[in-house]
Structures are given as structure tokens and as C-alpha cells.
Amino acid sequence: MFALIDCNNFYASCERVFRPDLIGKPVVVLSNNDGCVIARSNEAKACGVPMGAAAFEFEKMFAQHKVNVFSANFALYGDMSQRVMNILSEYTDEMEIYSIDEAFLKLDDCSYKSLKACGVDMQRKVTKWTGVPISVGIAPTKALAKVANKIAKKYQKRTSNVFIINSEERRIKSLKWLTIEDVWGIGRKHAKRLKAINVNNAYEFTLLDDQWVKRNMAIVGLRLKHDLMGIPTLDIDTFGAKKNIATTRSFERNYTELSEVSERVTTFAVSCAEKLRRQKSCCNAIMVFIHTNGHRAELPQYSRNIVVKLPFATNSGIELAQFATKALEKIFKPGYHYKKAGVIVMDFIPENTVQLKMFDNSNPKHIPLMKSIDIINATYGQQKVRLASQDMGRVWKMKQERLSPRYTTNLDDIIMVNA
DNA sequence: TCTGGGGTCCTAGGACCC
DNA sequence: TCTGGGGTCCTAGGACCC
């Protein structure tokens with residue numbers, strides 16, 4: 001059996017852990033630069049705040065409904081996520097961390113009573129130990145576990161946040177309940193096409209002809225169909241290492257100078273290198289992209305990316321920054337107002353399998369250097385040690401007007417209790 | 001004024017090989 | 001009139017996820 005554990009309204013719930021006065025009140029969390037809504041408490045959903053709402057368009061509405069608005073605090077969410085995952089990992093040897101707030105677990109014990117007890121135990125333990133509420137769905141396949149989780153979340157009281165699909169009747173009833181656009185793996189495009197042929201819920205989807213599904217939704221759609229029928233098709237991925245790593249940002253204002261964008265791209269490359277080292281990989285290729293603000297149709301638009309194959313695999317921030325800035329110079333065109341840039345590293349190999357070449361090699365001195373930088377930054381705070389080509393002397397600042405303290409990751413921000 | 005930042009997998013088509 | 005039949009690798013783009 002597979003379990004899918006999903007934190008309820010994760011970012012909003014994290015904010016509430018340290019602000020219990022906000023329980024029962026509408027809470028939203030904004031994206032970087034306080035741009036748009038990326039998480040909502042149930043109360044905020046009930047007020048009619050849509051996902052992705054542009055913050056500046058909803059200011060009035062927030063004030064009217066007394067919505068508590070937070071800037072994204074990823075230091076807090078990342079740390080809370082780790083705590084939740086640590087607890088969940090005790091229930092199984094096979095776990096897939098699917099996203100910051102979701103994990104699939106393979107559970108061995110198949111009797112309903114013990115599975116239900118197991119789910120309830122998880123739910124209680126995670127809520128009690130971290131303060132984050134979760135929902136648990138358990139079923140014979142991953143796609144069905146997703147469905148079960150939706151039901152657990154929708155009917156929290158009746159299910160005690162745990163729902164199990166363990167019979168054919170339950171499977172069919174659950175699938176009939178789930179509208180087609182809410183099925184995991186069916187997005188807007190496919191939902192539209194399916195509705196056009198009168199497939200309106202997950203159950204009707206499973207009745208479709210294999211050939212039709214394959215033709216219209218490719219192998220991915222067919223696998224999903226089988227998984228929903230209860231035939232285990234999608235397997236759990238316990239490996240965990242990422243295949244691409246990206247650091248990309250919108251700027252708080254438009255940049256017109258190469259030097260300004262270059263500074264940021266350097267920082268993004270250094271950040272990618274850190275993430276690479278954390279998963280003990282080196283990359284063989286790097287992509288840099290820049291683009292202007294697509295929301296400003298009156299301004300001339302420009303958008304380009306460039307992929308550079310590296311002469312050697314590396315995870316040195318210095319080397320990646322050099323390759324990235326060189327790549328940027330190739331695609332940068334003066335005269336445009338740039339709003340966003342990013343660095344993506346690709347084509348990984350484990351760092352201990354890097355082949356030495358005859359001429360071009362990563363500078364071996366960088367390995368101990370990077371190790372030292374990682375230790376210093378871990379001890380004294382992020383970005384304490386930086387490259388000179390990073391934003392020294394100049395200030396760029398994300399708009400974060402409503403940032404909560406880093407309660408769990410910074411001693412200065414630790415919570416004060418007045419007794 | 002203002003509109004996020006990550007990821008995955010698959011497919012078709014082009015370039016190139018014999 | 002008529003112009004093969006395999007391969008591989010790479011890339012761009014689409015569709016989806018959180």
C-alpha cells in the first residue's frame with residue numbers, strides 16, 4: 001500500500017505554528033518580492049482569494065477581510081518541512097519526498113485496522129511535534145493514494161484526516177466523487193479535451209479505451225489510467241537526487257546594465273553550486289536565461305537562454321560563476337529593461353566520479369575552498385563569504401515587507417515567551 | 001509601480017551516422 | 001514517374017506537478 005501525506009495549506013500553517021493567535025483567521029503567504037499569493041489558509045480560501053492572485057490587486061480585499069499577509073519565509077518552511085519528513089521517515093524504509101510538503105510512503109502492513117491506526121498515529125504525531133496539520137491518504141497505488149488524500153482533506157472531521165481506499169466499492173465511489181480537472185496528472189489541457197467527450201470524473205476516465213488514452217494523452221496518460229484502476233504502475237522514487245537545479249529570480253526593478261544583471265547571475269550560479277554540493281553532484285552543463293517583463297506589453301520584449309556545455313564537470317561556485325557570466329555576455333542585448341534572470345545547472349554526475357582530462361580540468365584547489373566556504377556560511381550565516389563579483393557594495397533587496405522571523409533557523413529570531 | 005520559483009517526463013523532428 | 005532503411009543523439013517545446 002502507498003500512503004500520501006500532504007501538509008494542509010503548508011506555508012500558511014507554518015506561519016500559524018508560531019502565531020497561534022491566527023488560528024481560525026485568514027492567512028495568505030506571498031511569493032518572492034511580495035508578488036502573488038502562493039498559499040492560503042482555509043479561511044482565506046473561503047474569503048475568495050484565488051491561488052496566484054496578484055497581491056497589489058487584492059490589497060483592498062485583504063484589508064476588508066482582515067487577511068493576515070506574510071512574505072514568503074523559505075528558511076522557516078524548509079526547516080519545518082525537514083521536521084515533518086523526519087517524523088514520516090520513521091514509518092517506512094521507502095519514502096519519496098515529492099515536494100516541500102508532500103511525501104509518498106510504501107507501507108507493508110495491509111490490514112485496514114492497522115493501516116488506519118498507522119495513519120492516525122502519523123497525523124497526531126506530526127501535528128503534535130511540529131504544529132503542522134497533515135492529511136493522509138492510503139491506497140494500493142500512488143494515484144489512488146492521491147485521491148484518498150483529497151478525500152481526507154475535504155472531509156477532515158468525518159475521516160480524522162485519514163482516508164483509505166481498500167476495496168473496489170470504495171475505489172469506484174472515490175473516483176466518481178473526483179472531478180476530472182482535480183485528478184493528479186490531468187491539467188487544464190487534458191481536462192478540457194476529456195470534458196469534450198463527456199468524461200467528467202476520474203471514474204469515467206478509467207473506463208476509456210486504452211488506445212484513445214495513448215493516442216491523446218501519450219504513455220503518461222495511460223500509466224495514470226492504470227494506476228487509477230488499481231494496477232500499480234507508478235513506482236516510488238526513493239533516490240532523491242535532483243536532475244536539474246535552478247536559481248532564478250524576478251528583480252525588484254528593471255535592470256538595463258549588463259553589470260547589474262551580471263552581478264545577479266553570479267549570485268545565482270554560486271547558489272546553484274551550493275545546492276549541487278549539498279547533493280554531492282557536479283554538473284556538465286549550465287543554462288543562463290534573461291527576459292524582460294512580459295506584463296509590460298508597451299515595452300520592447302526580449303527573452304533568450306543559452307546552454308553551455310562545460311569543458312569539465314564541476315560544482316565550484318567560482319567556476320560556475322565564470323561560465324555563467326560568459327554565457328550571459330553572449331545573450332545580453334543593451335537597450336532592454338530586464339526583469340528576470342536565472343541559472344540552471346544540468347547533466348549531473350556524482351562528485352566522486354569526475355574524470356580527469358588531459359588538459360582542461362576543474363581547479364582542484366576549489367574543492368577544499370568550497371568545503372571551507374560551506375562550513376563558514378553554515379556556521380555564521382548564509383553569504384557571509386562571497387565572491388567579489390557578487391553583489392558587494394551594491395544593495396539589491398527583495399521586497400519582503402511582511403516577513404515573519406526565522407523562528408527555527410536563527411538564534412536572534414527565536415521565539416520569546418513571557419510567563 | 002506591482003504579477004513566483006522551483007521541478008518532472010515525454011515527444012517530435014532535425015542532424016548525423018552507416 | 002521513380003530517390004532506402006535503418007540507427008543514435010540532441011533539442012525545443014509541451015504537459016504536468018507543487
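Reminder, nothing fancy here: chain letters follow the sequence lines and each chain counts from 1.
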**Complete:** Closest to the side chain of His295(A), out of dC18(C), dT3(B), dG7(B), is dT3(B)
**Complete:** Closest to the side chain of Ala54(A), out of dC10(B), dG6(B), dT3(B), is dT3(B)
**Asked** Mind checking who dC18(B) pairs with, Watson-Crick or G-U wobble, both distances under 3.5 Å?
**Response** dG5(C)
**Request:** Select one nucleotide: of dC9(B), dT11(B), dG7(B), the one nearest the side-chain heavy atoms of Arg223(A).
**Result:** dC9(B)
**Request:** Indicate whether OP1 or OP2 belonging to dG6(B) is found under 4.0 Å from a side-chain N or O atom of Arg249(A).
**Result:** yes
**Item:** Rounded distance in Å between the P positions of dT3(B) and dC18(C)
**Value:** 25 Å
**DNA chain B: 5'-proximal contact among Lys214(A) and Asp34(A) (nearest heavy atom)** = Asp34(A)
**Prompt:** Think Lys243(A) has a side-chain N or O under 4.0 angstrom from the OP1 or OP2 of dC9(B)?
**Reply:** yes
**Prompt:** Counting just side-chain N and O atoms, does Asn244(A) come under 4.0 Å of either OP1 or OP2 of dT8(B)?
**Reply:** yes
**Request:** To the nearest Å, give me how far apart CG (Asp347(A)) and C1' (dT8(B)) are.
**Result:** 16 Å
**Asked** For Phe251(A), is the NZ or CZ atom of Arg253(A) found under 6.0 angstrom from the centre of its six-membered ring and inside 45 degrees of the ring axis?
**Response** no
**Asked** Side chain of Lys146(A): nearest nucleotide among dG6(B), dC17(C), dA15(C)?
**Response** dC17(C)
**Prompt:** Taking only side-chain nitrogens and oxygens of Lys309(A), does any of them come within less than 4.0 Å of OP1 or OP2 of dC9(C)?
**Reply:** no
**Message:** If you only use heavy atoms from C-beta on, which nucleotide in dG4(B), dA15(C), dC18(C) is closest to the side chain of His190(A)?
**Reply:** dA15(C)
**Request:** Identify which nucleotide among dC18(C), dC10(B), dG5(B) has an atom closest to any side-chain atom of Trp184(A), counting heavy atoms from C-beta outward.
**Result:** dC18(C)
**Message:** Heavy atoms only, 4.0 Å cut-off, all strands: where does Asp101(A) land among base, sugar-phosphate and nothing?
**Reply:** sugar-phosphate
**Message:** Return whichever of Asn254(A) or Lys275(A) has its heavy-atom-nearest nucleotide of DNA chain B closer to the 5' end.
**Reply:** Asn254(A)
**Request:** Find the distance Ile38(A):CD1 to dG5(B):P and express it as a whole number of Å.
**Result:** 10 Å
**Asked** Side-chain N or O of Lys340(A) less than 4.0 angstrom from OP1 or OP2 on dG5(B)?
**Response** yes
**Message:** Mind checking if Arg188(A) touches a base, just sugar-phosphate, or nothing, with heavy atoms under 4.0 Å?
**Reply:** sugar-phosphate
**Request:** Taking the six-membered ring of Phe2(A) (Phe, Tyr or Trp), confirm whether the NZ or CZ of Lys142(A) is under 6.0 Å from its centre and within 45° of its axis.
**Result:** no
**Options dG5(B), dT3(B), dC17(C), nucleotide nearest the side-chain atoms of Lys339(A)** = dT3(B)
**Asked** Is any NZ, NE, NH1 or NH2 atom of the basic residue among Asp227(A) and Arg223(A) found under 4.0 Å from an Asp or Glu carboxylate oxygen of the other?
**Response** no
**Prompt:** Looking at Lys106(A) and Glu96(A), does any basic side-chain N land under 4.0 Å from a carboxylate oxygen?
**Reply:** no
**Request:** Quick one: closest heavy-atom pair of Val29(A) and Ala72(A), and the distance?
**Result:** CG1-CA, 3.8 Å
**Item:** Under 4.0 angstrom between Ser250(A) side-chain N/O and dG5(B) OP1 or OP2
**Value:** yes
**Message:** Within the 4.0 Å heavy-atom criterion, would you say Ile186(A) contacts the bases, only the backbone, or no part of the nucleic acid?
**Reply:** sugar-phosphate
**Prompt:** Which nucleotide in the set dT11(B), dG5(B), dT3(B) lies at the smallest distance from any side-chain heavy atom of Thr248(A)?
**Reply:** dG5(B)
**Request:** Please check if the distance between the ring centroids of Phe312(A) and Phe323(A) is under 6.0 Å.
**Result:** yes
